[in-house]
Amino acid sequence: MIMTADAPLLAVDRLSTAFETETGWLRAVDQVSFTLEAGTILGLVGESGCGKSVTALSLMRLLPQPVGRIESGSIRLNGTELVTLAPPAMQRIRGGRMAMIFQEPMTALNPVYRIGRQLLEVFDLHRPDIPIDERQAAAVALLSHVGIPEAAARMRAYRTRFPAGCASG
Ligand SMILES: Nc1ncnc2c1ncn2[C@@H]1O[C@H](COP(=O)(O)OP(=O)(O)OP(=O)(O)O)[C@@H](O)[C@H]1O
Ligand SMILES: [Mg+2]
């Protein structure tokens with residue numbers, strides 16, 4: 001692991017990602033490079049299918065397996081190379097240091113588990129040091145913060161009970 005004080009928060013260098021298809025490996029992301037400084041916002045803009053989501057899935061190391069593969073390039077978060085990072089180390093970063101809001105709101109929450117259980121998973125995995133009642137209070141506060149009414153009750157609800165628009169946050 002290389003930590004460099006002056007490295008950008010995120011540095012993507014010539015990232016290429018491919019999918020295995022019936023006609024062979026097809027490159028969906030081709031030599032994409034960008035950097036992101038801490039405290040800044042970067043928008044990736046392009047026509048449908050140009051590779052925005054596949055770029056994000058590559059950064060999160062969430063490409064569908066085994067059909068999706070990072071072919072080449074580098075993704076450094078605070079100087080740490082993510083492309084070759086061992087799965088347990090990547091698991092600690094994913095959801096803790098780096099997160100993705102998925103595109104399809106209706107599939108983002110699992111309909112068979114209560115909302116609260118799904119929201120608390122990220123705290124349970126990354127901040128088990130925080131007492132459980134404080135984790136729950138933090139999740140309720142986050143729901144309130146984004147304008148969801150009766151947040152404590154919503155924690156006990158299922159996705160299908162969420163009013164349209166609230167499930168996507
Ligand atoms: N699992 C997969 N297998 C094969 N090809 C895939 C797979 N997932 C994505 N692709 C292809 O990768 C390319 C980039 O798709 P991607 O979803 O990143 O586009 P996008 O820029 O996010 O589009 P949109 O604006 O519609 O969200 C597309 O051609 C898509 O068909
Ligand atoms: Mg997309």
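Counting starts at 1 for both ligands and their atoms, following the listed order. Worth saying up front: this structure is predicted, and the values here are computed from it rather than measured.
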Has [X] got more than 12 heavy atoms of other residues, nucleotides or ligands less than 6.0 Å from its [atom1]?
X: Gln31; atom1: CD; answer: yes
X: Phe34; atom1: CZ; answer: yes
X: Glu37; atom1: CD; answer: yes
X: Gln65; atom1: CD; answer: yes

Separation between CE (Met100) and OG (Ser53), nearest 0.5 Å, reads 5.5 Å
Does atom 30 (C) of ligand 1 have any protein heavy atom closer than 4.0 Å?
-> no
Which heavy atom of His126 sits nearest a heavy atom of Asp129, and at what distance?
->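 Between these two residues, the closest heavy atoms are O-OD1, 4.5 Å.
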Around [atom], find the nearest protein heavy atom and jot down its residue, atom name and distance.
atom: atom 10 (N) of ligand 1; result: Phe19 CE1, 3.6 Å
atom: atom 17 (O) of ligand 1; result: Ser53 CB, 3.6 Å
atom: atom 25 (O) of ligand 1; result: Lys52 NZ, 2.7 Å
atom: atom 26 (O) of ligand 1; result: Ser48 OG, 2.6 Å

Is Thr21 in polar range of ligand 1, meaning some N or O pair under 3.5 Å apart?
->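 N/O-N/O distance under 3.5 Å: no.
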Atoms in ligand 1 flagged as close to [X], the criterion being non-hydrogen separation under 4.0 Å:
X: Ala28; value: 12 (O), 13 (C)
X: Val54; value: 9 (C), 12 (O), 14 (C), 15 (O), 16 (P), 18 (O)
X: Pro64; value: 1 (N)

Heavy-atom proximity to atom 19 (O) of ligand 1, picking from Gly49, Ala18, Gly46, points to Gly49
Of the listed options (Glu104, Glu20, Gln103), which comes nearest to atom 27 (O) of ligand 1 when hydrogens are ignored and any heavy atom counts?
->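 Ranked by closest heavy atom to atom 27 (O) of ligand 1, first place is Gln103.
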Does ligand 1 have any atom sitting under 4.0 Å from a heavy atom of Gly68?
->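 No, Gly68 has no heavy atoms under 4.0 Å from ligand 1.
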Pairwise side-chain contact, Ile75 with Ile70, heavy-atom cut-off 4.5 Å (strictly under) | yes
Side chain to side chain, Asn110 and Arg159, heavy atoms closer than 4.5 Å = no
State whether Ser48 contributes an N/O/S atom found under 2.8 Å from the Mg ion (ligand 2).
-> no
Can you get from Val12 to Leu42 by hopping between Ile, Leu, Val, Met, Phe, Trp and Tyr side chains that sit under 4.5 Å apart?
->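 Result: yes, single cluster for both.
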